[in-house]
Amino acid sequence: MSNQNENILVLGAGELGVSILRELTNPRWGSSRTTVLLRQPTITSTEPQKQKQVAEIRDLGIHILSDDLVANDETELAQLFKGFHTVISATGYVAGPGAPLKLARAALKAEVPRYFPWQFGVDYDTIGKGSAQELFDEQLDVRALLRAQTRTEWVIVFIGVFTSFLFAPFFGVVDLDKSMPWETSKIVSQLRQLRIRGVSR
């Protein structure tokens, strides 16, 4: 990413999204304007953790856009993305199956100049098709979709499995209740280590 004036939209503000938002407020990114898309129930939530999250985002000077990525269809999302130079997806697993492809198609339909799909934790090309994780094959379909076009620059930032996911049984990497092959190496990252170094086609 350059440090010229750019209009950036971040989708989601969970563990990953908040780390990205904090980095984007770094002065080295110049005068880029950053917006985060959140669901209205998150913005108005009375839960202390969500209130703290929204307060931090506002304190960072980030504009909050209220909408719903799951409820909106591809055309509605494309309309939402228009006007932004860069769209960064940090939706995570919450958005569910179908969301990664829908978001990628919407970004292409909107002719967004640059798109970061949600593919931060795993190198799907290395894993290949047919894994046990339902969304992994869809993520490969996202890559195929992006590779088949040249209008939108797309960037994949691979940082390894998030440390917070490593011991989550549903993720299937390490399960302390089952016998696991401890000799297998893992690439992991704590999200506070995330830094955006640069991009290329």
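All values reported here derive from a predicted model rather than from experimental measurement. Computation of the quantities below employed the complete heavy-atom set of this structure, encompassing side-chain atoms and omitting hydrogens, waters and symmetry-equivalent molecules.
- Between atom NZ of residue Lys50 and atom OG1 of residue Thr44 there is a gap of 9.5 Å, rounded to the nearest 0.5 Å.
- Lys109 meets the salt bridge (Lys or Arg N to Asp or Glu O under 4.0 Å) test with Glu74; sequence neighbours excluded.
- Residues passing the salt bridge (Lys or Arg N to Asp or Glu O under 4.0 Å) test with Asp141 are Lys129, sequence neighbours excluded.
- Ser32 and Glu6 share no side-chain donor-acceptor pair at under 3.5 Å.
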Could you go through Trp154 and Gln149, starting from their C-alpha distance and side-chain angles, then the distance that decides it, and tell me whether this counts as side-chain contact (heavy atoms from CB on, under 4.5 Å)? CA-CA 10 Å; Trp154 54 280; Gln149 57 81 49; 3.6 Å; yes
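- Of all heavy-atom pairs between Leu38 and Ala13, the closest is CD2-CB, 3.6 Å.
- Here the closest heavy-atom approach between residue Ser89 and residue Tyr115 is recorded as CB-OH, 3.9 Å.
- Under the salt bridge (Lys or Arg N to Asp or Glu O under 4.0 Å) criterion, Glu76 pairs with no residue at all, not counting sequence neighbours.
- Taking both residues in full, the closest heavy atoms of Val142 and Pro117 are given as CG1-CB, 4.2 Å, listed atom of the first, atom of the second, then distance.
- Of the listed residues (Ile20, Leu77, Ile88, Val87), just one forms a side chain to side chain contact (heavy atoms under 4.5 Å, CB included) with Leu11, and that residue is Val87.
- Residues Leu37 and Val10 form no side-chain contact, since every pair of their non-hydrogen atoms from C-beta on lies 4.5 Å or further apart.
- A distance of 8.0 Å separates CG of Leu146 from OG1 of Thr152, quoted to the nearest 0.5 Å.
- What you find for Gln53 and Val18 is that their closest heavy atoms are NE2-CG2, 4.1 Å.
- Considering CG of Leu108 and CZ of Arg151, their distance stands at 10.0 Å, rounded to 0.5 Å.
- Annotation: side chain of Asn7 is not in contact with side chain of Thr86 (no heavy-atom distance under 4.5 Å).
- Annotation: the span from Thr75 atom OG1 to Lys102 atom NZ amounts to 11.0 Å, rounded to 0.5 Å.
- Minimum interatomic distance between Pro100 and Gln139 (heavy atoms only, all atoms of both residues): CB-OE1, 3.6 Å.
- With sequence neighbours left out, the salt bridge (Lys or Arg N to Asp or Glu O under 4.0 Å) criterion links Arg105 to no other residue.
- One finds the CZ atom of Arg143 at 3.5 Å from the CD1 atom of Ile156 (value rounded to the nearest 0.5 Å).
- For the pair Leu24 and Ile8, the minimum side-chain heavy-atom distance is below 4.5 Å.
- In terms of heavy-atom proximity, Pro113 sits nearest to Phe84 at CD-O, 3.7 Å.
- Proximity of Leu80 to Leu65: side-chain heavy atoms (C-beta onward) are separated by under 4.5 Å at one or more points.
- Proximity of Leu9 to Val112: side-chain heavy atoms (C-beta onward) are nowhere separated by under 4.5 Å.
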Show me, pair by pair, the donor-acceptor contacts under 3.5 angstrom made by side chains of residues 54-64, not counting sequence neighbours?
from	atom 1	to	atom 2	distance (Å)
Glu56	OE1	Arg22	NH2	3.1
Glu56	OE2	Arg22	NE	2.6
Glu56	OE2	Arg22	NH2	3.2

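- Every residue two or more places apart in sequence or in another chain was checked for a side chain to side chain contact (heavy atoms under 4.5 Å, CB included) with Gln49, and none qualifies.
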